[in-house]
Trainee: 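Sharing a structure here in structure tokens format.
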There are 2 protein chains.
Amino acid sequence: MAESTPEGDTPPTYRAAEIAAAWRRERPQTPTDSIEIVTPIWQLAKLFADDRGRVLRAAGIDAATLDLLSVIRRSGPPYTLSTREIARRTLVTAGAISQRVARAEQQGLVRRAPGGAAPRTVLVSLTPEGHALIERSVDQVLGREATLVEGLSQPERATLSALLDKLLTDLQRRCPPPGSPAQP
Amino acid sequence: MAESTPEGDTPPTYRAAEIAAAWRRERPQTPTDSIEIVTPIWQLAKLFADDRGRVLRAAGIDAATLDLLSVIRRSGPPYTLSTREIARRTLVTAGAISQRVARAEQQGLVRRAPGGAAPRTVLVSLTPEGHALIERSVDQVLGREATLVEGLSQPERATLSALLDKLLTDLQRRCPPPGSPAQP
DNA sequence: TCAGCTATATTTAGCGCTAAATATTACCAT
DNA sequence: ATGGTAATATTTAGCGCTAAATATAGCTGA
């Protein structure tokens, strides 16, 4: 056996190519076509999320709050969005949004007010404190991420993002649309 | 009105390109370079995870258990791995592995036994029931995922996976290695 | 007019994860 | 021998999310 139990060496992490090869060795009929796409996507998502978490901890804000303030901030003046619209744009459950808004309101970062078209619409607005916090956080987060993707050349990044977008579009056509994270 | 709030139309989901454009409109100095890479990665990760969740619910197994049984199964005979090694390969906290193993043991899918090289090593093995469950689940999951990536041609998939791997390698060199999901 | 219907927001129970604290074992140098 | 140290596993507290149940406001048609 190569490297399983008593752990000879300890490679830094586990590679998609190894996973696919292991399945083909163990079960030759296994359909491994997707592994080298899906696995690195999950690994990258986790790496980006963890790294962002570290940046945000230093900035005194958590990822959920950043997500909330960001979507309101970048919607432009008057920095107000309905709960429903926030849920649509962040692709997180409406119940989760309720909780995020409650926490942020507790910290004085947003304000809730009834009003709007639909029946029970609640509008969420940035307070001056919330606006200030997002202004000083967003460049830190996006600046850090910009350095993280520097390992790819500009043409490589363009190719990558085009392929990701194509795959995403195709999948959204074929899967029910429950939820998904977002960008500040 | 179409179907949302005051908000005019309701596109199926929120696009990375729109997010980047919104930030540039609102704050021209914002570094948006990473958005069209990071955002689709998170959206895709969520889509794949949700879709897998639906497949697994039908198969009577959850994602965490699939992850555990998979890593043991594809390590080959004797289908035994130490807790430590499982944690390394799935890139999830050792505490989480303890809990996953406890749950799976409760269901009769794995067995725990002391032994192995290091001090307090615990070896986790598949029971016949666990082996049978993973055998009949893995092809369903990977087969489904294979159809999901069909929207990309073979060369496109190769390019995509090469770029993802390059980015991942580069990031692993630059970020601390806390944790990340895995593939069955 | 008014009874229901629809659309939205909130609450609640439960889940799995992380981080930190704790427990346990083997080894090793004195 | 023996006390200490390193390595590992488990437990625990807390967190944020999801799904489902609940509450509420406006609309609509008989």
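Proteins come first, then strands; the chains are lettered A, B, ... in the order of their sequence lines, and each starts at number 1.
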Trainee: What nucleotide among C:dT18, C:dA9, D:dA9 has an atom nearest to a side-chain atom of B:Val92?
Mentor: C:dT18

Trainee: Would you tell me if any nitrogen or oxygen in the side chain of A:Arg112 comes within less than 4.0 Å of OP1 or OP2 on C:dT10?
Mentor: yes

Trainee: State whether B:Asp165 and A:Arg15 are salt-bridged, where the test is any N-O pair (Lys NZ or Arg NE/NH1/NH2 against Asp/Glu carboxylate O) under 4.0 Å.
Mentor: yes

Trainee: Is A:Asp67 salt-bridged to A:Arg100, going by a charged N under 4.0 Å from an acidic O?
Mentor: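 Answer for the salt bridge query: yes.
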
Trainee: Heavy atom of residues 95-111 of chain A under 4.0 Å from DNA chain D: which residues?
Mentor: A:Ala96, A:Gln99, A:Arg100, A:Arg103

Trainee: Rounded to the nearest angstrom, tell me the gap between atom CZ in B:Arg84 and atom C1' in D:dT10.
Mentor: 13 Å

Trainee: Does atom CD of A:Gln154 have more than 12 heavy-atom neighbours from other groups under 6.0 Å away?
Mentor: yes

Trainee: For A:Arg73, is there an ion pair with A:Glu135 - N to carboxylate O distance below 4.0 angstrom?
Mentor: yes

Trainee: Within a 6.0 Å radius of atom CZ on B:Arg112, are there more than 12 heavy atoms belonging to other residues, nucleotides or ligands?
Mentor: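 Yes, the 6.0 Å shell around CZ holds more than 12 heavy atoms from other groups.
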
Trainee: Considering residues, nucleotides and ligands other than A:Gln29, do more than 12 of their heavy atoms fall under 6.0 Å from its CD?
Mentor: yes

Trainee: Report, as a single string ordered 5' to 3', how protein heavy atoms within less than 4.0 Å touch nucleotides 22-28 of chain C: B base, S sugar-phosphate only, - not at all.
Mentor: --BBS--

Trainee: What is the distance, to the nearest angstrom, from the CG atom on B:Leu81 to the C1' atom on D:dT8?
Mentor: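 For the pair B:Leu81 CG and D:dT8 C1', the rounded distance is 15 Å.
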
Trainee: More than 12 heavy atoms of other residues, nucleotides or ligands under 6.0 Å from CZ of A:Arg25: is that the case?
Mentor: yes

Trainee: For A:Ala162, check side chain to side chain contact (heavy atoms under 4.5 Å, CB included) against everything at least two apart and list the hits.
Mentor: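 For A:Ala162 there are no side chain to side chain contact (heavy atoms under 4.5 Å, CB included) partners, ignoring immediate neighbours.
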
Trainee: Identify, between B:Arg57 and B:Thr121, the residue whose nearest nucleotide on DNA chain D lies closer to the 5' end.
Mentor: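 It is B:Thr121 whose nearest nucleotide is closer to the 5' end.
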
Trainee: To the nearest angstrom, how far is B:Arg54 atom CZ from D:dT18 atom P?
Mentor: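 From B:Arg54 CZ to D:dT18 P: 13 Å.
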
Trainee: Roughly how many Å is it from CG in A:Asp67 to P in D:dC17, rounded to a whole number?
Mentor: 9 Å

Trainee: Excluding sequence neighbours, so at least two apart, what forms salt bridge (charged side-chain N to carboxylate O under 4.0 Å, His left out) with B:Asp33?
Mentor: none

Trainee: Taking the side chain as every heavy atom from C-beta outward, state whether A:Glu85 and A:Ser75 have any atom pair closer than 4.5 Å.
Mentor: no

Trainee: Among C:dA19, C:dT10, D:dT8, which nucleotide sits nearest the side chain of B:Thr93?
Mentor: C:dA19

Trainee: Five pairs at each end of the helix from C:dT1-D:dA30 to C:dT30-D:dA1: take the axis at both ends and give me the angle between them to 10°.
Mentor: 10°

Trainee: Just how far, in rounded Å, is C1' of D:dC17 from CG of A:Leu68?
Mentor: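 In whole Å, D:dC17 C1' and A:Leu68 CG are 15 Å from each other.
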
Trainee: Salt-bridged, B:Asp50 to B:Arg54, with N to O below 4.0 Å?
Mentor: no

Trainee: In chain order, what residues pass the salt bridge (charged side-chain N to carboxylate O under 4.0 Å, His left out) check against A:Arg111, with sequence neighbours excluded?
Mentor: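 With sequence neighbours excluded, A:Arg111 shows a salt bridge (charged side-chain N to carboxylate O under 4.0 Å, His left out) to no residue whatsoever.
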
Trainee: Starting at atom CD of B:Glu85, determine the distance to atom C1' of D:dT8, rounded to an integer number of angstrom.
Mentor: 14 Å

Trainee: Output the rounded distance in Å from CG (A:Leu56) to C1' (D:dG16).
Mentor: 15 Å

Trainee: To the nearest Å, how far apart are B:Leu123 CG and D:dT8 C1'?
Mentor: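 Interatomic distance, CG of B:Leu123 to C1' of D:dT8: 12 Å.
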
